[in-house]
Structures are given as C-alpha cells and as structure tokens.
**Q** 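Just dropping this structure here.
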Amino acid sequence: KNQKSTVEETSIEPKAGGELVISDATDANTLDPHKATTAASMRYIENMYSTLLRYKSGTYGELEGDLAKEYSISEDGKVYTFKLHEGVKFHNGDPLTSKDVKYSIERIIANEVRAPQFEFVEKIETPDDHTVVITLKQPVAPFLTFLAYPMNAIVNKNVVEQNNGSLDKADAGSGPFQLVEWKKDQHLILEKFPDYFVKGKPYLDKVIWKPIADNTARTTALRNKEIDIMLQVEPQDIKKLENNNGFVVKSVTGTFWEYLGLNTSKGPLANKKVRQAIAWAIDRESLNKLVKFGQAKVLTGGPIPEGHWAHDNSNIYPKRDLEKAKQLMKEAGYEKGFKVTLKVSPKQDQVNAAQIIKQQLKEIGIEVEVLTQEPSIFFDALGKKDFEMTVVGWVGFVDPDEYLYNIFHTGEIWNQQNYSNPKVDELLEKGRVTIDQEERKKIYADAQKLIAEDAPMVFLYVNKQTSAFVDSVKDFDVNPTVTTISLRDTWLDR
Amino acid sequence: MKEFWYRFYKNKLAFSGLIIMVVYAILALLAPLIAPYGPLEMHPDQMLSAPNSEHIFGTDQFGRDIFSRIIYGTQISLKVGTISVGISLILGVTMGVVAAYYGKWVDSLVSRTTDVLFSFPDILLALALMAVLGTSLTNVMIAIGIVYTPIFARLTRGSVLSIKNSLYVEAARSIGVSNLQIVLRHILPNVMAPIIVQATLSFALAILTEAALSFLGLGVEPDTPSWGIMLNEGKDFMETAWWIAVFPGLAITLAVLSLNVMGDGMRDALDPHLKDEVM
Amino acid sequence: MTQELIKVENLKKYFESSSGFISKEKKVIKAVDGVSFQINKGETLGIVGESGCGKSTMGRMLMRLIKPTEGKIFFEGIDLTALKGKWLKEQRKNFQMVFQDPYASLNPRMTVYQIMEEPMRTHGLYIGKRKEKIKELLDIVGIPSSYMDRYPHEFSGGQRQRIGIARALAVEPKFIVADEPVAALDVSIQAQILNLLVDLQKEYGLTYLFIAHDLSVVQYISKRVGVMYLGQIVELSDSDELYGNPLHPYTKALFSAIPVADPFVKKERIQLYGELPSPLNPPKGCKFHTRCPLASKECQIKEPELKDVGNGHYVACHAI
Amino acid sequence: MNDVVLKVKDLKCHFHTRKGIVKAVDGVNFEVKKGEILAIVGESGSGKSVTSQAIMRLIGQKNNERIEGKIFFRGENLLEKSEEEMRRLRGNRISMIFQDPMTSLNPAYRVGSQIAEVPQIHEKKDKKSSWSIAIDMLHRVGIPSSEERANDYPHQFSGGMRQRSVIAMALASNPDLLIADEPTTALDVTIQAQILDLMNDLRNQMGTAIIMITHDLGIVAELCDSVAVMYAGRIVEQAPIKELFASPKHPYTRGLLASLPKPGIRERLTPIEGQPPNLHDVPKGCMFAPRCPHAHEKCSEQPMLNNINEHHKVACWLEEEM
Amino acid sequence: MVKFILKRIFIAIPVLFGISIIAFFLVRLVPGDTVTAMLGANYNEEQAEVLRSKYGLDKPLMVQYFIWISNVLQGDFGESTFTSQPVISAIMERLPVTIELTILSLLFAIIIAIPLGSIAAIRRNTLIDYFASFFGLIGISIPRFWLATIMILLLSLKMGRLPSGGFVSFFEDPIANLQCMVMPVIAMGTSVGAVIMRMTRSTMLEVIGQEYIKMARAKGVPNSLLVWKHALKNALIPVVTVIGIQAGYLMGGTVVIEQIFSLPGIGLLALQAITNRDYALLQGTILFIASAFVIINLFVDIIYAFLDPKIRY
Ligand SMILES: Nc1ncnc2c1ncn2[C@@H]1O[C@H](COP(=O)(O)OP(=O)(O)OP(=O)(O)O)[C@@H](O)[C@H]1O
Ligand SMILES: Nc1ncnc2c1ncn2[C@@H]1O[C@H](COP(=O)(O)OP(=O)(O)OP(=O)(O)O)[C@@H](O)[C@H]1O
Ligand SMILES: [Mg+2]
Ligand SMILES: [Mg+2]
Ligand code: NI
C-alpha cells in the first residue's frame, strides 16, 4: 500500500492551493527558534523559517542548501564560506542578507539553549550581503548538520527588536509559510508566503496545526477527516489505520531509541558483568512485540539505527541468552540476584517496557521495583544520577556525534549512567574533529561496539517514525528526524 | 438498630448493594485462590486475546489475564477506599466535633480551613498532593484521605451543632456528665448515621479518584493491578480490544453503584419519615 | 418552721445575638431581666407566662446549664453561681430537671438501663447495686422493670416522661425543675403524671419549680405561683389567692383568656390587643404598658417594682 | 336554617403499612349544619386529623390509603367526585386550617400573595383585585396595617399572626364549611382567645359551618355547639355541648372530664389508667374496654353508636342496658 | 440583604487568603523546581543561580510568598517561567473556554436534573422515578474519562456527527463551537446532573411532605402550580448550594476533560503548569480555580438569599 501511494506521488503534477490540517500530540511552548526545545515547536518553526542548509527529503542525514546557494569548507575544516540566494525576503518584506545570518548565530549563542553547538565559532564575517564566512577554532565534524538544524534558523533582526528581543509569539522568518494566528493549545494557522524565495513553492495556501493530546481523539479526528495528517502515530494504531481505506500510513525508522539505563556509579550495576548479564537477559524481540506491536526496530548492537550511514551492524546481543546471563551473574558474584529500583516517567510505552523488564529480569534473580515518577521529578532525578535503573529514550537526531558524545563521554551532563571508558572517550573526541565520513564511520562503529559491550545502557529498540494521512495528501515526506519541512513540497490532490 | 437492619434488609436494591460489596470483599481476601493466573503473569503469545475459555475476560497487551487482574484489583480498590475513607473519617470527624463542640475561634479556624480545602476541586488537590508526596499506593490513600476530609468535617460539625443543643444532651449536662463523655456517648452515636452514609459515598468517590489519578499517570505503581490503571491502559484499545477497558470499567461502576445504593438504602433506613410507609 | 431551699436574687440572662458582624452594634435579648424569689423546702413554685417570656431560660439557669449574666442563686445557702468544675458537679446531684418534650430528652440510642445508669455512674452512686436501684426507680414511676433493655422509641409519650422523671430521681435530688412536663401529653395521661409528681413530692419531700402555660395545671400543683412577662415576674402569690384575686392587669387578662371546661360558666373576657413585644427591644418603663388597658403616663417611664400588697401577694404595677 | 352542610356516613380510612392495616378511622358518622360549630375531641392518634383530611380528600390518593363510606357535602358525595371537581371545591366551598401555623405558610412567598392566590384560582380574579381581597381579609382577621404587612414573608410574622393569616386564607372565598384542625394548640392563651373570638364572629356573621378539632375541652365548652368524642378511630359519644358536660355517658368521656384539674380543688386527680390502643393491633370489641373501669363480658363485642335521646348518642354497652 | 452579602464577603476573605497560602506552599512543596525544569538539557549551577535570582527563588519562602501575594493583590500574577507570558493573560486567554464548558455543563446538568428530579419525587415509585434513580446512580458511578472515550468512539467515530475534539470560538462559528462542546459537556455534565438530580429528588420529596404544601392543596391550588410554584422554589434552596459546589468541582474536572477533548482551557493549563513546574503559572491557576469556587459560592449564597426570604429580610 505504501509503495503504491509513493508511486502515485511521483507520477502526477503537483497542484497548487488548498488548506491542510495537521495534528500533533502537543502544542509548542514558544515560536522562538533559538529558545525552543520541543519537537512540537520545531515543527512550527521549520515551516516559518529558513536555515542555511536543510535535510534532504527522503534521506536520513544528507544535507542540501537552503538559504545557502553553495558553500565551501577550507582544507583544515575550520573556515566555512556560504553564498546566499539573492532576493530572499523576510515575511515582513525586509531583505535577508548575510548580516541576518551573523546576527542569528550570535543570537543563538547568546540564548544559551544551543550555544554548545557553536562554542567553537571564532568569528563570523560578512564580506558582502550574500556571503558569510564562519571561522572555527577547531574542526567540528557535525557543524553543517548543526546549521541544518531547523531551529538554528535565520531570524529578522528588526522583528526581534520590535518584539523586545522575544520571538515567543512572533514571526521573524523567511520560510515557506507565515504566521497568521497562534492560539495556544487550540491551533496555529500558517499561510503561504507569496514571496518565498523558492519559486512556485509552497503549494498549499494554508496549513492549520491542531494539537490533540488524547490518542483516541486524534485517530478519530483523522478517520473523520477532521485532520489531514496525523503525526506520531502510536504503534498500536498503525494496523487499525492501515485497515482503513482512504488513508496512507507511512513509517520510517526514526531517531528516537529507547534503552534500559543502568547507573554504573554504585551497587551491583557498577559491575560490568552484571550489566552484561542484564543485556543478555532482556528479550528485545518480545519487548518489541508487546510494547511496540513489533513496529520498532530492535537494537542488538549500538544505538545508531539502520539506514543511517553510521549504523554498525555487529550483532552483539543477537538473541536473549538466559544461560549466558546466569553465568555472568555467577561470575559477578550475584548468583542469588539482588534488588533494584527502576524509575520511569509516566510515558505509557516506557512504563509498559519497565513492567516487562521486571518480569524478564526476575528470571536471573534480579528483583525490580518499578517507580513511576512525574516527568519533571523523573528527569531531575536522572540529571542528578539519582536512580539505579531507568527506562527512557533519547532522540539521536542526525549526526553520530549527537547520538553518542553527550551521553557516553566521561563527565558530560547527559551521561546519566555515569559511564566512563577512556577508549570510548578517545574515539568520540576523534569523531568530532574528523571530517571524512568513511573515517568517522569506522570510529563510531568501534565506539558503539565498546559501549554495547560495557552496557551502561541496554539498547532496546529504535522507534519508527510514523505518520498517517488522508490519501489526497501528496509528497509529504515522513522524515526520520521528525521534521515536517516537506510541507513545503506537499500538495493536495483534491 | 434491629429496626434499621430490618428496613435495610427490606430494601432489595440496597441489600443487593451490600451483597455485591461482600462478594467484592471475599474476592479481595481470597484473590490468590480464585484468580486463575497471577496478576503479573505475562503470556506474550496470547497478547490481546478476546475473552475465551482460557481467559474469560480476555487478556491485555502483555497477555495478562484480565479476570485475574480484576480480582487482584479488588484488593487495591477496597484498600484505597477503606484506608483513605478511614483517614478522612478520623480527621474530619475529629475536626467537626472539635469545631462544633468548642465553638468560638476554634470553630472559625476549623470552618475556614475546611472552606479553604473545599475550594480546591478534588482532582486538582489530589493531583497536587500526589505531586508533593510522590506516586505510591500509600500516598494515593493519603492524598485522597486529605481531599475528602473537609466533607466529613462539615457534615460532622453540622450534625453535632444540631445535636449539641438537643434536650438529651442538655439532660446529660444537667446530670453533670463530662464533656468527653457527652461527645462519646451522646453526640457521636447520634451523628454517625449521616457520616456512615457519607462514608459509603466517599468510598465510591475514592475509587473513582484513584482511577482518575492513575489516568493522569500519578496513581499507584504501574504494574499494580488497580482498576484505574487497567482502565487507563485499556483506554487506547477501546476499539480493537474493548475488553481491556470494559471489564475494569464495569468493575468500578458496579462497586461504585453498590456503594451508592447501600448509602441511599442506609439513609432511607435511618430516616424516620419513611418509617410507616408501604414498601 | 419552713426552711428556705432556693433563693434567687435579681437573676438576669442577656443573650447576645452576634448578627452584628460588621456593624459592631450587638443585639441583646433580655430573656430574664431581674427576677427574685425563694422556694421553701417541700414547696412547689409554679411559673406561668406566655411563650418566650423566659420561663425555660430561668429554669436552665437554676440548673446551671447556662450562666446567669447577673444575679445570684443560693441553694441551701450556697451560691451556685460561684461554683465551678468539681464543686459544681458535686452540687448537681441535688437538683435535677424534667423536660417538656419527652421525645427529645431521651437519647434515642441508649436503652432505658443506660439512660438510668448514666447519672449514677457520673456521680459514682450505688456501685454494685445499680440494677436493683434502677428496677426500684422504674417501679416507683410505674414502668415495668422488664422494659429496661428497650429503647425510648418503643415507649409512648407518657411512659417516656416517666422515664425522664425516674432519671431525675436517680441521684436523689432535693429540688426538681419541671419545665412544662405535661404540655406534650394527652389529658388522660397528663393526670397520671401530675399524680406521680404529687406523690413523689409527698414521699421524698421534693421541692419543685413547675413551669407551665396551662394555668389550671399550675394552680393544681403549686402552692405559690409567679406570673412572668417579658423576663420579669409581674405577680407572685399564694396560688389560691392569685386565682381568686388576680391584681396585675396582665394576670387578669391571662386568666380571662383561658377557656374553662364548663359550658355553664360564661365569663367576661379581657381582650389584650397587640402582640407580645420582642425581647430584643422591650418597651421602656413597665414592659406591659403597650398592651395594658390601665396604662398611664407613669407606666411608660418608670418600671414598677414588685411590692408586697399583703398576705405574701406581690405585684409589680403602678395602678395597684 | 336547619340545612345540613356536611353529612358523613360510615367513613373508614385505612392505611396499609408493613406492620399491618392501620384503621385510623373506622366507621364514623356525623353531620354539621349551617352556622353550627361541631367539636371533635379525642386523644392524640384517635383519628381526628385523618377524618378531616378525608373530608377534604387530601388523603386517599396513594395506593396504601383506602377511604370508604360517604361524605355528602350539600347533598353531593365527595368521594365520587373527580380530583379536578374536588380541587374546585377545596379552598373555595370547603376550607381547612391546619394545626401548626409555623409550617402552614409557604416560607418562600409573601403572605399577601398566598392569600391572593385563593381568589385568583377560584374566581379567576386578576392580580390586583386579588391582592386587595387579600389585604381586606388580613384586615378582617385583625392584622394591623395590613396593607404593609401583606408584603411580609411568613417568618416576619409572629405565631398568632401566621395563624390569623392562615384563617384569612381559608376565609377568602367565604366557604360553606371550615375545618379547623387544632388551630390554636401552638398558640399562647391570649392569642388563642383572639382566634376563638374570630371564629365565633365568623359563624355568627356568615353562618359558616365549622368543624373544630381539638383536644382542649375548654375550647369545646366555650365555643362549640355540639361535640363528638373520638377514641381510636371511632366516635364514642356525641351530644350538644351542655348535655355532654352535664351528663357524660361514655366512661371515656367521663374519664376525660375527671382527669382535668378543677380550679381551687387540690384533691387527687382521677386519670384514665393505661394507654390508648396501638392502632396496629386494636382490641376486639370495644376499644376502650382495656382501660374501662366498668368493662364486662359484653364489651368483647363492638357497641354501636346509639341514640339515648334525640341529640345524645353514645357507643357503650352500659348505656345499652340501661 | 446588603448586610448578608457583606458578611459573606467578609467570610470569603480569610478563605481566599488561606487558598493563596495553600496554592503557594503546595506548589513549592512539589519536588523538582522550575529552574531545573526550565534549563533542561543545559542545566548548570551557575545558570541556575542566575535564573533563581532572576525569579526571586533564592529568597526565603516566606519572603517569596509575601512578594507574590502583594503583587497578586495589585493584579500582577507574575510571568510564566516557560512562555514568559504574563500569567494573568495566559489565564484570561483560556478562561472563556473553561467558563463556557463549565456553564454549558452546568446548564445541561440543571436542565436535565431539576425537572427529572422533581418528576421523580412527585411520581415516586413509578417507572420515571426508577429511570431517574438509575440515571442518577449510573451518572455518579461512571468515571468521566471513560465516558468521554466511549463517546468519542460512538458519537464521533461511529456516527461521525461530532468533531472528536478541538475548540472553535463561539464568535467565529457558533454552530461549530456548540458542536465541539457537545461531548465534553455531556462527559462533564452527566455526573453533575446525577448529583443535582438526586438532591432535587430528595429535597422535593421532603418539601412535598410539608404542611404548607398540604395547605396549598387544601386551598385548591392545581397540581402543576403546586409543584412548579409552591414546592420547587423551596426545594431549590438546598439544591442551589449543591449546584454551587458542583460548579466548583466542574472547574476542577476540566483538567481531565480538556485534556481528552483538546480544549484550550484552564484545566489543561494547570496540568501543563504542573508538568513544567511553572511556579507562577501554577500558583496563578490554582489560586484562580479555587477563588472561582469561592466566588461562585458567594454568588450561590446570594441567589440562596433571593430564594430564601429568611435571609433576605
Ligand atoms: N440560647 C439562646 N440564645 C439566644 N436567645 C435565646 C436563647 N435561649 C432563649 N432565647 C430567647 O430568650 C427568650 C426566652 O426564651 P425561653 O425559652 O426562656 O422562653 P419560655 O418562656 O420558656 O417560652 P416557651 O413557653 O415557648 O417555652 C426568647 O425570646 C428566646 O428567643
Ligand atoms: N399516612 C398514614 N399512614 C399510616 N398511618 C397513618 C397515616 N396518617 C395517620 N396515620 C395514623 O392514623 C392515626 C390517627 O391519626 P390522626 O393524625 O388522625 O390523629 P389525631 O387524632 O389528629 O391526633 P393528634 O391529636 O396527635 O393530631 C394515628 O395512629 C396515625 O399514626
Ligand atoms: Mg420553654
Ligand atoms: Mg391531628
Ligand atoms: Ni415500607
């Protein structure tokens, strides 16, 4: 079915016009690209703003120019030169120039939220209105990826100033759609920006975003055709929607992977053998089946999923092996098992996984007590490393560095498991400054192997990224990175 | 008292409510004997199977037997009901008696405090308390207990105020009976009727509140077979696997219903106006 | 010869109604406003008056159920108003009350035995032989002692009133305040209770303060009778003297208003106009002047004193 | 002037309760003439109120209430009338006053409008003229400054004023028959006297027939023309007032009169011993027999209410034998 | 009357004060603080300190409370730490939705409950009485969120008549507005209606047993007038109190219902504020909801006074 609709999409000429209603589970907190942290905010922002580069539709991790017509990188990987498209206009009619690019990057750094991505920027120069030269202190391998990140958007300085520095509810963008109205928790209305610099795009006249939190309500809304696109389809609803005529359900392996985190600081879990025993004792297939209805992709090695260039296909834990697990427990001196607590936030899938893990670990003598905690308390506890086990997830996004560095490098803030392996540290540091992709691929493959063997986390699976839509929606790309910028190319066959 | 039981017994609806609650209590006590499976026992190969001879209420997402979980859930719900109502009963009745009996500023203080607590909608207050206390069965019971305290305080205060000036209390005072004795022997036994009725109703509310808290993810530990949690888990399967939500839903509704008819029946049985009427 | 048991001096009770929450003006109900009398041992003093004139309030003050605002109550020479706590409890044995409403004055959740035992337990009396004593008391008031384990609602009004009397007798009091004890009863039962009270008085030398609004009952049972109006005693005298020769215009009107159960007697009725004034703001001067057929200027200004007109007949009226 | 307004024949009112049938009224006969005041006396629970409410057909609607017999009001049997016909009579030709003035007025409406409702309903008068009738009625029952007081709510009235308002309501349509069920029991003697005078005037001026229900023999003696003594759902004696007081025949009537304290006499009262019967299980035969000092074998049979002279009837075997 | 209202207002003041104390300290007792929640990925002590002093969170609690309450008294509820929006405007934005939902649910409940309760009382032990009792019991026994989900499946999905959720302002499109209110209103109103119905039934039963109703019947008042004029007004007096209490509960109940039906109201805001540890917003919403309850009940008392002349005069 999916194939069929893809074939159709390519064979017909796009039609302009129409109004599209799209629904996400939650609403954004802010429209300010440089402050936003949630995916919901990102989806609004990426349709309102342009970035220097962008992800290529239908790929995972490949980039193409957006505002940048072309770009070059110096030999040493420290100087980036971007040529901008000419005649680009902001929604208020102001021209977009290299000054705005410089201003935006400086604003990102000032706003702190994503400052670390630009911490090695030495200077930004604007030799003319359409040229930007960024000089780094040292090579940063994922730098282009960072620039393509939808929330590292180019904003209009004037608008920022008009709004006293806050873009929470304002539109300072130059993207395909412009803001009409945002009523929090009700709707966000975007309309076509007629002066969008890519001629002929977007096709849609209007896009309406509606947050619907309740799952039943959301699928019902789609099936009643109150909405055209539903993002983030839950695994259990996939079958249900596929069985309906007139809808397309499209899935790709995403970047959101879930794991069983093991705090390596203290107790039995500090023992590598115990952690490995746990890794062997977990039945990922069964978890996938029960929790995700078989819709997720089981992780038997490192966390970077199939389809990503940095995926490592060494099967370290190919199948559950209780014998091995028990053996390892015995070697570690915990033949009789022990008790641990497992903290989890009220996210239903993770709560479910925790319950099953509890049952699975019982078989090697580990008694797990599951504690659900209200999200902010939970994340607070994780940050303070105040947990023994946890089931939680991580959005890897695009570059392998984003996948691994912050969570596995010694001492990094998100290294909640308190994991430390000098060899891994070395590899991760190296991967950061290596520009050549082939070389990086090897580095990250090694790192993933080491990490999987050390098992500070038991990688469970990568979730699919699934959207469902009415079949008259064409050229809507379901991207692993959860972006929806393809709305720029989407059209309605009505 | 005999009269009361007789009239209660005659009220078929209320009496069947009592019977149902007794059955629930038996189920709770004998759960391990009655339930065919363990409440946590998973059968991955039988996930989401519809009611059949092996699993008469079907299974849930993990292949756990719904019937068994409901039976074990009875333990939880009755425990939540009993203990949280117990807490509010003890706190509320004490507050009410003290306020009404001592009057003056004590009364003002207690009354205003109950007014304040009363002003917070039950779910919201329970939610905030759960956030403070952290999720666990004990905390659910404490939170619900606190939330329903003001009702009992008000009710008790009102009843005590009306009885405080009754002639028989005056008679006891004229004899020289001490305040404590008056409260214990004369006032409490005579205000218990409306309080007991309220207790059955609050019991029902407590079950519902636990369910709502679990629905919002702030209830008991996640694999506890609480009716509320089961309901919440089943909510998303309402269409594909209705049995997951429907059976615990029915269990809740039936329990709440029974408690309510019991409460109503008790009220009627205690009401002297209805004494001589035909049934 | 006759010994004084109770002496009341200038007794007052003002109730403050606290409705003046914002405006600080407090409303005062002068329920009892300066009453003095004494009762001799073994005697019955009857009190009559219209509803709301303060009869019950006075009775409750004598019982020390409420604290007088002013004035003194002497019981066998002891000032009850000065007593507190243990001392008061000790004295409570000596005076008891029988209430108007036999339906409301017995705790519906206690058996007759429990009701009767409570005063004994409170005062630590008859330890070990309470049951016999209760039987004896029930016998005296004419309730079969086999009914000891029944609840009040299983008895008729007259029987309940007997239980109430038995309870009062349980501590062997010297003085009983009977607040309209027969008002809720049928005529045929009323006579039974009145007989019982009279018998008890004879047998135990009890002293009664008998409150009622049925004048013939008061006349029958009391040696002396006081007539109350708006918190004050307006006339107080030997009962036969009072009934034969009422002096106060209010007493006269009151007596003339009572229907006599004899169709052959036709009597002149003194019509009283207007309603009983509210005790919240009673009239100045003589409180009766608003309804009095004899009212003069003086009555509006000056409050009359209760003065002896001979034969122990006291009247508070300027016209006498 | 001798026309009969109300004639009650063999009236029975039974209540079916769980404990059995309560024969609250069990075969009652009497009649009231124009301008006559008939007293019905009797102890609490003897069926006085049930009788009066049966005449008004205020009971008999529920399925546990059974009314039998005949009630002729100006020749028409009320028990055969439809509810709507009955409604048009109530408050119009037959009025009733209840015992408790504190609860007989609707607390939520002005006194005046509650009285004005009567002409509004029965004579289809408009609001304004009804209101002036109400004021007039209040004035006639002796409420001072009735124009203003008509605007008051019941709780602003004293007990006596409330009872007078209830009477005003009952009289607003000049009824042929007024049933007063213990209209003064809750009132003070001085107020009671005013009310009794009011009723006496009414009878004298309008010729209204009145049934006065009471247990106060004083009221009976002072106000009424004839009297019916009820005991446990039956009339045991009926006579003109003077005759009854002069020569009571039934032992119960005698007992009643004897148990009243007499002015100036301090001798021991002679009460009727025992308690009134429990209507759930009434004794067979004469109801009064268990308390009767003269009871003998014959009393196990029910005595009939027989005339001993033209006006005096009594239901007792003793009289039968004489 | 004026005196009565003033008195009620005077009583409300300490209650509101108590509410503010509980709203404030309860929020502060909740573990995890706004700054950690805000910084999220970028948490570090220094920044946290900066933010804490920016929001005055480094001061002692009592001081914070007094600053907050004195600002509140001047109409300044502070700013949401998450959206930097003034709390008062966030609340005002959402208020219409919650108010509409509450009022419609209440109206729905009252329109069903009062006639049904009255008729059930008059026709005691008849089919309609049994039906009413059944409705009353089911209504209070069914969890709201369960009813809501079932309704979405039945009314919206299977019948396709009603939108499954979302909100359209009444001023934009009245019909669409009412359509999207139908299910939430039923979900909220049913239990409230059940409670009001039961109350109406029992007070009505009590009232029709009163002497003055008998008196009115003896006066020849027709049955319809007897019920709807003489009895109902008196029966309504206690019912009004219950309605007040229920109105308050309804505002709280919106937490669940707004979530399910994606209605942008106060309840949803409160829930988000709890998750985000958005102190100012949470304090604001809690204070607001609880005060609304107090104010509603103040109005109820005034209505009460209108119904009950004993209070009015
Ligand atoms: N606790 C109280 N608070 C305020 N006022 C009171 C209180 N008790 C009695 N009163 C008032 O005091 C006055 C006298 O009341 P009391 O009960 O003594 O009258 P009474 O003569 O016994 O009347 P009745 O014949 O009706 O029993 C009344 O106006 C009454 O309203
Ligand atoms: N609806 C009813 N159901 C059952 N029994 C009733 C009902 N109404 C009255 N009775 C009984 O009928 C008997 C007569 O009652 P009724 O009210 O006529 O007495 P009464 O003579 O008016 O007494 P009182 O002087 O106390 O008013 C009583 O025993 C009463 O309990
Ligand atoms: Mg009194
Ligand atoms: Mg009666
Ligand atoms: Ni019955």
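None of the values given here were measured: they were computed from a predicted structure. We name chains A, B, ... by the order of the sequence lines, and we start the count at 1 in each one.
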**Q** Below 4.5 Å from any heavy atom of chain D, which atoms of C:Phe264 appear? Answer side chain, backbone, both or neither.
**A** side chain
**Q** Evaluate side chain to side chain contact (heavy atoms under 4.5 Å, CB included) for C:Gln190 paired with D:Leu269, printing each intermediate quantity in order.
**A** CA-CA 10 Å; C:Gln190 172 181 314; D:Leu269 299 170; over 6 Å; no
**Q** Does some side-chain heavy atom of C:Ser188 sit less than 4.5 Å from a side-chain heavy atom of D:Glu43?
**A** yes
**Q** Does any heavy atom of chain C fall under 4.5 Å from the side chain of D:Ser158, the backbone, both, or neither of them?
**A** side chain
**Q** Which atom pair, heavy atoms only, marks the closest approach of C:Val260 to D:Ala221?
**A** O-CB, 3.4 Å
**Q** Over all heavy atoms of both residues, which pair between D:Leu260 and C:Ala261 is shortest? Give the atoms and the distance, please.
**A** CD1-CB, 3.8 Å
**Q** Can you confirm whether D:Val189 sits close enough to C:His213 that some side-chain heavy atom of one is under 4.5 Å from a side-chain heavy atom of the other?
**A** no
**Q** Top residue by heavy-atom pair count (under 4.5 Å) with chain C, among D:Leu217, D:Thr190, D:Leu196?
**A** D:Thr190
**Q** Nearest heavy-atom pair of C:Gln192 and D:Ile272: which atoms, and what distance?
**A** NE2-O, 2.6 Å
**Q** So which part of C:Asp262 gets closer than 4.5 Å to some heavy atom of chain D, the side chain, the backbone, both or neither?
**A** backbone
**Q** Tell me, side chain or backbone of C:Asp214 under 4.5 Å from chain D's heavy atoms, or both, or neither?
**A** neither
**Q** Who among C:Gly142, C:Ser156, C:Gly49 has the most heavy-atom pairs with chain D under 4.5 Å?
**A** C:Ser156
**Q** What part of D:Ala258 gets within 4.5 angstrom of chain C, counting heavy atoms only: side chain, backbone, both, or neither?
**A** neither
**Q** I'd like to verify something: which residue of D:His215, D:Gln194, D:Arg268 has the highest number of heavy-atom pairs under 4.5 Å with chain C?
**A** D:Arg268
**Q** Checking heavy atoms, do the side chain of C:Val198, its backbone, both or neither come under 4.5 Å from chain D?
**A** neither
**Q** Just so I understand: if I count every heavy-atom pair under 4.5 Å between each of D:Pro276, D:Gly160, D:Ser259 and chain C, which residue has the most?
**A** D:Ser259
**Q** Would you say that more than 12 heavy atoms from the other residues, nucleotides or ligands in this model lie under 6.0 Å from the CG of C:Asn311, or not?
**A** no
**Q** In the structure I gave you, are the side-chain heavy atoms of D:Pro271 and C:Asn195 within less than 4.5 Å of one another anywhere?
**A** yes
**Q** How about D:Gln192 and C:Pro259: do any of their side-chain heavy atoms sit closer than 4.5 Å?
**A** yes
**Q** Might you confirm whether atom NZ of D:Lys249 has over 12 heavy atoms from other residues, nucleotides or ligands at distances under 6.0 Å?
**A** yes
**Q** Using atom types as modelled and distance alone, determine if a side-chain donor or acceptor of D:Asp188 lies under 3.5 Å from a backbone N or O of C:Ser51.
**A** yes
**Q** Does CD belonging to D:Glu243 count more than 12 external heavy atoms closer than 6.0 Å?
**A** yes
